[in-house]
> 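The structure is given below, and queries will be raised subsequently.
Order of the sequence lines sets the chain letters (A, B, ...), proteins ahead of strands, with each chain counted from 1.
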Number of protein chains: 2
Amino acid sequence: VVKTENVEKTYMQGKIPVHALRGIDFSVEEGEYVAILGPSGSGKSTLLNLIGALDVPTKGKVFISGQDISELNSRKRAELRRTIGFVFQFYNLIPRISAFKNVELSLSVKNISRSERKKIVKKILTDVGLQDRMKHAPNELSGGQQQRVAIARALALDPTYLLMDEPTGNVDTKTRDMIMKLINQLNKEKGRTIIMITHDQFIAKDSDRIEYLVDGKLYHKPPKERI
Amino acid sequence: VVKTENVEKTYMQGKIPVHALRGIDFSVEEGEYVAILGPSGSGKSTLLNLIGALDVPTKGKVFISGQDISELNSRKRAELRRTIGFVFQFYNLIPRISAFKNVELSLSVKNISRSERKKIVKKILTDVGLQDRMKHAPNELSGGQQQRVAIARALALDPTYLLMDEPTGNVDTKTRDMIMKLINQLNKEKGRTIIMITHDQFIAKDSDRIEYLVDGKLYHKPPKERI
Ligand SMILES: Nc1ncnc2c1ncn2[C@@H]1O[C@H](COP(=O)(O)OP(=O)(O)OP(=O)(O)O)[C@@H](O)[C@H]1O
Ligand SMILES: Nc1ncnc2c1ncn2[C@@H]1O[C@H](COP(=O)(O)OP(=O)(O)OP(=O)(O)O)[C@@H](O)[C@H]1O
Ligand SMILES: [Mg+2]
Ligand SMILES: [Mg+2]
């Protein structure tokens with residue numbers, strides 16, 4: 001249901017190529033919860049951005065819901081993005097508006113009433129423990145609070161696919177467990193497909209399957225030398 | 001040698017006060033390595049910014065090297081900041097210049113030759129594993145690579161005090177261990193004073209002492225209800 005076929009991503013640093021992804025065959029079934037681990041700089045964010053249709057591969061193909069995303073017109077692409085909740089490694093919150101508005105904005109693509117939208121935003125921010133911080137703008141929030149707004153924004157969409165790039169790097173153990181509980185519910189109770197990059201081996205245990213990205217290549221078992 | 005006396009920090013959210021710090025008495029001896037743990041939003045970054053003279057308390061006093069920092073003139077303040085290496089929770093790298101230049105810039109406050117400076121930058125970026133990424137700008141680096149540039153920038157100063165706000169949130173276990181080794185060396189071999197905020201209990205074990213910040217108050221033992 002989500003698949004990459006021999007995907008490569010190369011950046012040019014002046015004349016020097018940087019091979020961020022070196023031929024990735026990766027597939028995730030509907031309703032699966034996959035964790036991606038790997039060293040810093042190994043290509044994880046690059047891969048997730050390709051899967052989320054936020055970037056295009058240098059070579060190879062990316063399929064979501066069976067569709068080759070390079071063949072989608074802009075309307076189909078927009079339709080697709082409505083089914084993907086993306087949590088960025090550095091959040092990408094809108095700086096000068098409140099946490100509440102940041103989450104509400106992502107819901108504007110959904111066909112729901114204004115009062116229904118506000119209900120969902122309030123609930124989801126409460127679910128991540130931010131009920132007393134809804135009016136704060138990002139620069140009036142702690143690091144882990146900003147991270148939780150980014151998570152709330154993705155969850156509010158109730159997306160088919162939840163793509164998360166290191167969603168708990170800035171929170172304490174208890175807050176992390178609260179977030180993992182939400183994600184597990186989405187997966188076990190609602191059958192949502194989850195692809196999560198994490199450095200936390202503890203969180204990775206919650207998943208159905210762990211994949212390892214090392215130096216632009218994917219492994220199902222942890223490669224001996226480094227993880 | 002570093003001390004806060006009944007320090008308070010209150011933000012105004014419209015008419016509503018947010019008590020980020022509620023009377024903190026915190027002191028660190030020369031050469032000590034202290035870890036600060038606590039829930040997301042508890043006031044840790046706020047406290048570290050006060051200690052690093054990057055912010056002023058609403059009430060109370062902050063002392064560094066025995067000096068009340070509110071009584072320093074701007075020249076003395078600048079002198080002080082040269083002795084403090086600060087690693088920000090979100091790095092604060094300069095966007096359009098290379099990793100190398102980002103680190104080199106922080107050394108411009110030191111009275112050393114250009115060639116000496118370049119030697120130090122090269123060494124420190126190699127120490128954090130970024131020898132092949134020195135020419136990349138921040139947006140051409142992975143999250144954990146950016147975090148390491150921020151660390152390199154603080155370490156390059158060879159500062160008396162190293163203040164670190166969650167320095168390993170975006171890196172894998174092996175990279176984390178490499179960073180911790182560097183920090184331990186600074187403390188054990190060179191006697192530098194280290195104050196580190198972290199959510200990682202494993203890292204905290206390396207320290208001489210752990211303090212817990214919960215809801216704006218400091219505890220020496222983990223408070224029962226939440227950590
Ligand atoms: N625009 C770019 N130009 C050149 N190299 C790049 C660019 N963007 C990323 N890279 C390189 O591609 C590699 C993969 O980056 P990516 O962000 O996918 O790593 P990652 O696995 O997410 O790392 P981390 O765990 O630190 O977040 C890195 O080595 C990085 O330096
Ligand atoms: N400018 C501001 N206006 C209002 N409230 C603020 C402001 N800056 C911070 N706060 C609040 O102060 C509290 C402490 O923030 P701080 O950044 O110190 O937390 P923290 O312990 O570092 O959290 P984290 O572990 O998530 O990084 C938070 O609840 C935050 O919402
Ligand atoms: Mg990344
Ligand atoms: Mg913080």
> Tell me, side chain or backbone of A/Arg133 under 4.5 Å from chain B's heavy atoms, or both, or neither?
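A/Arg133 touches chain B through side-chain heavy atoms alone.
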> Are A/Arg209 and A/Glu32 within salt-bridge range, i.e. N to O under 4.0 Å?
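Yes, A/Arg209 and A/Glu32 are salt-bridged.
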> When heavy-atom pairs shorter than 4.5 Å are enumerated against chain A, which of B/Lys135, B/Lys44, B/Gln145 gives the highest number?
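The answer is B/Gln145.
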> Do the charged groups of A/Asp25 and A/Lys3 touch, with an N to O distance under 4.0 Å?
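Looking at A/Lys3 together with A/Asp25, the answer is no, because their closest N to O distance does not fall below 4.0 Å.
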> Shorter than 4.5 Å, heavy atoms on both sides: which option in B/Arg148, B/His199, B/Gln147, B/Glu166 has the most such pairs with chain A?
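Counting heavy-atom pairs under 4.5 Å, the top option is B/His199.
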> Check the pair B/Ile194, B/Val34 against side-chain contact (heavy atoms from CB on, under 4.5 Å), reporting the backbone distance first and the verdict last.
CA-CA 6 Å; B/Ile194 313 233; B/Val34 181; over 6 Å; no
> Return the option, out of A/Gly129, A/Gly143, A/Ser142, with the maximum number of heavy-atom pairs under 4.5 Å with chain B.
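Max contact count across the listed options: A/Gly143.
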> Sort A/Tyr11 into side chain, backbone, both or neither according to what part of it lies under 4.5 angstrom from a heavy atom of chain B.
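Nothing of A/Tyr11, per the 4.5 Å heavy-atom cut-off to chain B.
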> Does a side chain donor of either A/His220 or A/Glu211 reach within less than 3.5 Å of an acceptor in the other side chain?
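Distance-only check passes for A/His220 and A/Glu211.
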> Just by distance, no angles: are the side chains of B/Asp172 and B/Thr175 close enough, under 3.5 Å, to form a donor-acceptor pair?
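There is such a pair between these side chains.
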> So for A/Gln146, is it side chain, backbone, both, or neither that comes closer than 4.5 Å to the heavy atoms of chain B?
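Just its side chain gets close to chain B.
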> For a side chain to side chain contact (heavy atoms under 4.5 Å, CB included) with A/Leu182, tell me which candidate from A/Ile151, A/Val128, A/Asn187 qualifies.
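Output: one option passes, namely A/Val128.
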> Cut-off 3.5 Å, side chains only: do B/Ser45 and B/Gln89 have a donor facing an acceptor?
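There is such a pair between these side chains.
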> Using non-hydrogen atoms only, which part of B/Arg176 is less than 4.5 Å away from chain A: side chain, backbone, both, or neither?
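For B/Arg176, neither part sits under 4.5 Å from chain A.
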> Where does A/Tyr91 contact chain B at under 4.5 Å (heavy atoms): side chain, backbone, both or neither?
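The answer is the side chain of A/Tyr91.
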> Measure distances from A/Gln13 to the heavy atoms of chain B and classify the residue's part below 4.5 Å as side chain, backbone, both or neither.
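Side chain of A/Gln13 only, per the 4.5 Å heavy-atom cut-off to chain B.
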